[in-house]
Amino acid sequence: MTIKKMRAIPGTTFFDGPMSTKGYPVNKMFFSFNSKEGRDAFVADEEAYMEKFKLNEAQKQCVRDRDVLGLIREGGSIYYLAKIGPILGLNVQDFGGLQTGQTTEEFQAYLDSQGIGKNNG
Amino acid sequence: MAKIVGGIGSSHIPAIGVAMDKGLEDTPYWRDFFQSYVPLRKWFNEVDPDILIIFYNDHGLEMFLDKKPTFAVGTAAEYENADEGWGINPIPPVRGETELSWHIVNELVENDFDPTVCQEIKVDHGLTVPLTLMYPGKDYAKVKVIPICINCERHPMPKLSRSYAFGQQIGRAVESFGGDQKVVVMGTGGLSHQLDGERAGIINTDFDIECLDKMVSDPEALTKYSLEDIVELAGGQGVELNMWMAMRGCLTGKVTEGYRNLIAPISNTAAGIQLLIND
C-alpha cells in the first residue's frame, strides 16, 4: 500500500499527512507566534528559536531567506506560516507577491483584475 | 420546539477584524463590503436570535496539528478569544449554550457522526469576525453561541457531502430540542481564494456565483465536487466551502434567499455574503 497522492494542480501544494509530518517542527514554531513571548523570542534570536523547535537545515535556510515557496515545499502550512508575516511586516498580499514573483502592487493588480462587486470604491 | 430561522454565509478573514478595529468600514476599499452587512443585520436584528450556531475552522489558535479534530462541537458555557498574532484586538468572552450543545452531540453520535467534544476551547477569528460583523458594537452578550469547527487546514478533510449531511443532522437536532428558541446558523469562510504557492491569488467569481446559486435551490448539486475539484476551481482555501455546506444542511425547511452579495478582492479572497431564510 502507498499513501494516496492528491491530484497534481500546478502551483499548488496539498497540505496532507506526509507534508504535515515533514513540516511539523516548522509549523509548531509558527504556531508559537500566537504569543507575544514567542514572537519576541524569535526576533531576539532567530537561530536559537529555530533550534529550539528542531527545524531541519532546509527549513532553517528558508526562514533565513524569507523563502515562502521554500517553506511550503518543506512542509509549512500557509495557515501557520502566515503568522510570521506580522513579525516581518508582511501581509498576505506581500506573501502573494513573494510567491508569484511579483511586487506587492503587481499582485494586488492581479487580485483586482479578478474583482467583482466594488461600486463605491 | 427550537427553530432555525435562517442561515448566513459570511467571510471571516482577519483583515475584516483589523479593518473594524481601525474604523476603516467607510473607506473606498471596504465600503461595499461593510455596506452588505446593513441589510443582513436588519433581518438579523429583527429576528434577534437566542442562539447562534457558527461553523468555522480554527486556523491555529486552539487546534494545532498535534491534536486536530475533523469535526468538533463546543459544549462550554463560555469561550475566550486570544491573540493570534494578526494584530486583531481579542474580543470579550462569548457565551455558550450548554444544553443545546449536548443535545446536538447526543444526536450526532446517535446518528453515526462522532465529533470531538470541547468543554474548553479558545475560538479564533473564524468565529469572532463573523460574530462581530453581526454585532459591530460587540453587544453579543445577549446571544448564546455554539461553535462548531471543521478541519480545513490539513487533508484529509471532510467531503462536501459529509459536511452537508453533518449540518442536516444538526438541523434535525435543533428542531427536536424542546423550547421556543430562535436559532440562526452561520457558515463562515471562503469563498474562492488561494494564499499559498505559485498559484496564490486565484479568485473564481463565476464558480462562487454558482455556489451561491446552488446554496439556495440545490445544495446537493455541490456535493458532486470533490475537494480536489474545489481546490482546482476555487483555490487551496476554497475548501472553506465546507462550512457553508454545513450551514446549508441545517436549513431543513423551505429555503429562500433574503440577500446576497459577492465582493472581490477582499484581501486575497472573494467575500460571499448570503442570507438564507428557512421557513
Side-chain angles (χ1 to χ4, degrees), chain A residues 4 6-7 9-17 19-21 23-24 27-28 30-36 38-39 68-69 71-73 76-87 91-93 95-102 107-108 110-121, chain B residues 13-15 26-33 35-36 57-61 64-66 68 82-87 124 152-156 192 194-205 208-209 226-229 231-232 235-237 261-271 273:
Chain A
K4 178 194 169 220
M6 308 286 293
R7 184 185 305 168
I9 299 174
T12 304
T13 302
F14 281 93
F15 186 74
D16 61 4
M19 290 304 284
S20 192
T21 299
Y24 194 79
N27 287 316
K28 191 171 176 180
F30 295 139
F31 179 65
S32 78
F33 294 156
N34 277 331
S35 77
K36 186 171 186 312
R39 299 192 292 268
V68 180
L69 286 177
L71 283 165
I72 300 287
R73 194 176 56 240
S77 155
I78 193 66
Y79 282 106
Y80 314 108
L81 168 52
K83 290 179 188 288
I84 201 173
I87 298 174
N91 64 27
V92 286
Q93 287 78 51
F95 268 62
L98 287 170
Q99 295 176 95
T100 56
Q102 302 175 88
F107 183 76
Q108 182 64 49
Y110 172 58
L111 293 173
D112 291 339
S113 74
Q114 306 169 92
I116 194 169
K118 287 196 176 181
N119 303 310
N120 299 322
Chain B
I13 55 170
D26 202 32
T27 56
Y29 184 92
W30 288 105
R31 190 174 299 138
D32 289 292
F33 175 79
Q35 279 296 317
S36 301
N57 58 310
D58 181 293
H59 309 70
L61 174 64
F64 180 57
L65 304 169
D66 55 345
K68 189 160 183 55
D83 186 3
E84 298 174 57
W86 299 117
D124 84 347
C152 293
E153 291 77 27
R154 180 175 63 197
H155 296 275
S192 61
Q194 178 158 334
L195 300 173
D196 53 328
E198 295 89 343
R199 194 167 173 258
I202 180 183
I203 289 172
N204 184 349
T205 54
D208 294 333
I209 290 166
S226 69
L227 289 186
E228 289 168 315
D229 294 335
V231 170
E232 195 152 16
Q237 284 73 45
N261 209 346
L262 179 67
I263 300 179
I266 291 297
S267 188
N268 292 12
T269 76
I273 302 133

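Protein chains get the first letters and strands the later ones, always in sequence-line order, with residue 1 at the start of each.
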### Task
Kindly compute the distance separating NZ (A:Lys83) from NE2 (B:His59), expressed to the nearest 0.5 Å.
9.0 Å

### Query
Say you draw a straight line from CD of B:Glu228 to CE of A:Met6; how long is it, rounded to the nearest 0.5 Å?
4.5 Å

### Message
Evaluate B:Ser226 against A:Arg7 for side-chain contact (heavy atoms from CB on, under 4.5 Å), listing each step before the verdict.
### Response
CA-CA 11 Å; B:Ser226 69; A:Arg7 184 185 305 168; 3.7 Å; yes

#### Entry: Aromatic centroids of B:Phe64 and A:Phe30 separated by under 6.0 Å
no

### Task
Would you check if A:Gln108 and B:Pro265 make a side-chain contact, meaning some heavy-atom pair closer than 4.5 Å?
yes

In terms of heavy-atom pairs under 4.5 Å, which option from [options] contacts chain A the most?
options                               : result
B:Thr269, B:Asn204, B:Asp66, B:Asn261 : B:Asp66
B:Asn268, B:Thr205, B:Ile13           : B:Asn268
B:Ile202, B:Ile266, B:Leu195, B:Leu65 : B:Leu65

Nearest heavy atoms of [X] and [Y], plus distance in Å:
X        : Y        : value
A:Gln93  : B:Ser267 : NE2-OG, 3.1 Å
A:Gln99  : B:Ala200 : NE2-CB, 4.1 Å
B:Gly201 : A:Phe107 : CA-CZ, 3.5 Å
B:Ile263 : A:Lys118 : CG2-CG, 3.8 Å

### Task
With a 4.5 angstrom heavy-atom cut-off, could you sort out which part of B:Asp229 is near chain A: side chain, backbone, both or neither?
both

### Region of B:Ile209 in contact with chain A, defined by heavy-atom distances below 4.5 Å
side chain

What residue in [options] has the most heavy-atom pairs under 4.5 Å with chain B?
options                             : value
A:Asn91, A:Ile72, A:Ile84, A:Asn27  : A:Asn27
A:Thr13, A:Val68, A:Asp16, A:Ile116 : A:Ile116
A:Leu81, A:Leu98, A:Leu111          : A:Leu111
A:Gly96, A:Pro86, A:Gly97, A:Ser35  : A:Pro86
A:Val92, A:Ile87, A:Asn34           : A:Asn34
A:Ser20, A:Ser77, A:Gly23           : A:Ser20

### Message
What verdict does the side-chain contact (heavy atoms from CB on, under 4.5 Å) test give for B:Glu84 and A:Phe33, after you've listed the backbone C-alpha separation in whole Å, the side-chain angles of each residue and the deciding distance to 0.1 Å?
### Response
CA-CA 8 Å; B:Glu84 298 174 57; A:Phe33 294 156; over 6 Å; no

Tell me, side chain or backbone of [X] under 4.5 Å from chain B's heavy atoms, or both, or neither?
X       : result
A:Ile9  : side chain
A:Arg39 : side chain
A:Phe15 : both
A:Thr12 : both
A:Lys4  : side chain

#### Entry: A:Ile78 and B:Gln237: CA distance, side-chain angles, deciding distance, side-chain contact (heavy atoms from CB on, under 4.5 Å) verdict
CA-CA 10 Å; A:Ile78 193 66; B:Gln237 284 73 45; 3.5 Å; yes

### Message
Is it true that, when you exclude A:Lys28 itself, more than 12 heavy atoms of the residues, nucleotides or ligands shown sit nearer than 6.0 Å to its NZ?
### Response
no

### Query
So, the side chain of B:Asp32 versus the backbone of A:Asn119: is there a donor-acceptor pair under 3.5 Å, distance only?
yes

#### Entry: Side-chain (B:Glu153) to main-chain (A:Tyr80) donor-acceptor, under 3.5 angstrom
no

